[in-house]
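Heads up: the structure comes next, in C-alpha cells.
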Protein chains: 2
Amino acid sequence: MKNITVGKLAKEAGINLETIRYYENINLMPKPKRTKSGYRVYSEIDLNRLRFIKNSQQLGFTLKEIKELLFLRIDEETTCNDLQKMAEHKIEEVNFKIKELNKIKKALKTLASQCNDQGPKSECPILENLES
Amino acid sequence: MKNITVGKLAKEAGINLETIRYYENINLMPKPKRTKSGYRVYSEIDLNRLRFIKNSQQLGFTLKEIKELLFLRIDEETTCNDLQKMAEHKIEEVNFKIKELNKIKKALKTLASQCNDQGPKSECPILENLES
DNA sequence: GTATACCACGTACTATACTACTTGGTTTTA
DNA sequence: TAAAACCAAGTAGTATAGTACGTGGTATAC
C-alpha cells in the first residue's frame, strides 16, 4: 500500500472520515505525517490500527480500554497473560450485564403475564407496580 | 401531604434536586404552581409521578418511553393491553441485548482459552484475532 | 435581627462515541 | 483552465441522562 490520504483510509477502514480525526484528537490514533499543503498521510500500519480498534469495539471494549489494548499491542514486555486478563475482565462485565438484563426480563414477564388484555388500566398490574 | 418545595420533593423521591428541574425542562414533569417569590410548589401527585418514573427506569425503559407510559397512565382510553404491549416490546429489546452479549461472551471465551499464559504476545490469539 | 439554609435561573459540564457544518485552501478530473 | 472532489481546522451538534456552578433573591432557625 502506498501512502494515502484520510478519505481513502476512511473508506478502506469502513469508518467515517471525521471519526479518524476524532480518534487522533483523543489520542487513539497517532498524528500522521503531512504533505506540504497539510494533508494527512497514512500507511498500511494506520489501516491495521483502525481495524484493530474496530474489532475490539465489536468485542465490547470501550475506546478507553482499546487505548490500553493498543499499548499492550506494541509494548515489548506484554505477555499473552496480559491480554487474557483483559478478556477475562470483559467477560465478567458481560456476565454482569446479562444478569441485570435477565432480572429486568423476569420482572417484565411477570407483569405482562398478569395483564388482562381488555381490562381497564385501573386494574392493570403493570401500572400498579410502577406506581408503588 | 402538604405542599412542599423542590428540595423536599427531591429528598422524598430519592433523586437529585437538579434532576427534577431537568425533568421539567424535558417535559417529563409538569410545571408546578409557584409561590409569590417564585418557588416551585409540589404535592403528593408529583411525588407519585417521580416514583413512577424511577420504577420505570429500573425496568429498563428510557425517559422517552417513560414519557409515553406517563401519557398512557392518565389517558382515559388506555387499556391494560396498551401497557402489556409496551412491556412485551421492552422484553424483546432485552432479549436482543442478551443475545448480543452472549455472542460477545462466546468470542471472548474462545480467545481467552487459546491463550498460553506466559507466551509472548507475538503468539497471542487475542492479538491475532483483533488484527485480522 | 442575623446567619444559615433554601430556592431561582441559566450556563456549562460529565460520560461515551461519534457526526455535521462552515470557511477556505489544495488536488484531481474533464 | 474551470469545475468538482478532497482536505484542513474549529466549532457545534447528536444521542442519553444527568450534575455542577455562579449569582442573587427568599425562607427559616436561633
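- Look at Glu88(A) and Lys85(A) and you find no salt bridge, because none of the NZ, NE, NH1 or NH2 atoms lies under 4.0 Å from a carboxylate O.
- Ile26(B) comes within contact range of no nucleotide atom at all, as no heavy-atom separation falls under 4.0 Å.
- Between Ser37(B) and the phosphate of dC7(C), there is no side-chain N or O to OP1/OP2 separation shorter than 4.0 Å.
- For the pair Lys64(A) NZ and dA15(C) C1', the interatomic distance rounds to 11 Å; values are reported in whole Å.
- Between the CG atom of Leu50(A) and the P atom of dA17(C) there is a distance of 15 Å, rounded to whole Å.
- Counting to the nearest Å, the P atom of dG25(C) and the CZ atom of Arg34(A) are 17 Å from each other.
- Contact annotation: side chain of Tyr39(A) to base of dT27(C), donor-acceptor pair absent below 3.5 Å.
- Residue Thr62(A) is in sugar-phosphate contact alone, with no base atom involved, counting any heavy-atom pair closer than 4.0 Å across all strands shown.
- Here Arg40(B) lies in heavy-atom contact (under 4.0 Å) with sugar-phosphate atoms only.
- For the pair Arg73(B) and Phe52(B), the cation-pi test (distance below 6.0 Å, angle within 45°) is passed.
- Rounding to the nearest 0.5 Å places CZ of Phe71(B) at 10.0 Å from CG of Asp82(B).
- In this structure, CD of Glu18(A) is placed 10 Å from P of dC21(C), rounded to the nearest angstrom.
- With contacts defined as side-chain heavy-atom distances shorter than 4.5 Å, the pair Arg40(B)/Thr5(B) does not qualify.
- If you measure from atom OH of Tyr22(B) to atom P of dA12(C), you get 18 Å, rounded to the nearest angstrom.
- Heavy-atom contacts of chain B under 4.0 Å fall on DNA chain D between two terminal nucleotides, which in 5' to 3' order are dA17(D) to dA27(D).
- Considering every non-hydrogen atom in both Ser56(B) and Ile66(B), the closest pair reads CB-CG1, 3.5 Å.
- Phosphate contact (OP1/OP2 of dA20(C), side-chain N/O of Asn16(A), threshold under 4.0 Å): present.
- Salt-bridge check for Arg21(B) with Glu18(B): passed, with a basic side-chain N closer than 4.0 Å to an acidic carboxylate O.
- Between the P atom of dC18(C) and the CD atom of Glu24(A) lies a distance of 16 Å, rounded to the nearest Å.
- Going from atom CE of Met29(A) over to atom OH of Tyr22(A) covers 14.5 Å, rounded to the nearest 0.5 Å.
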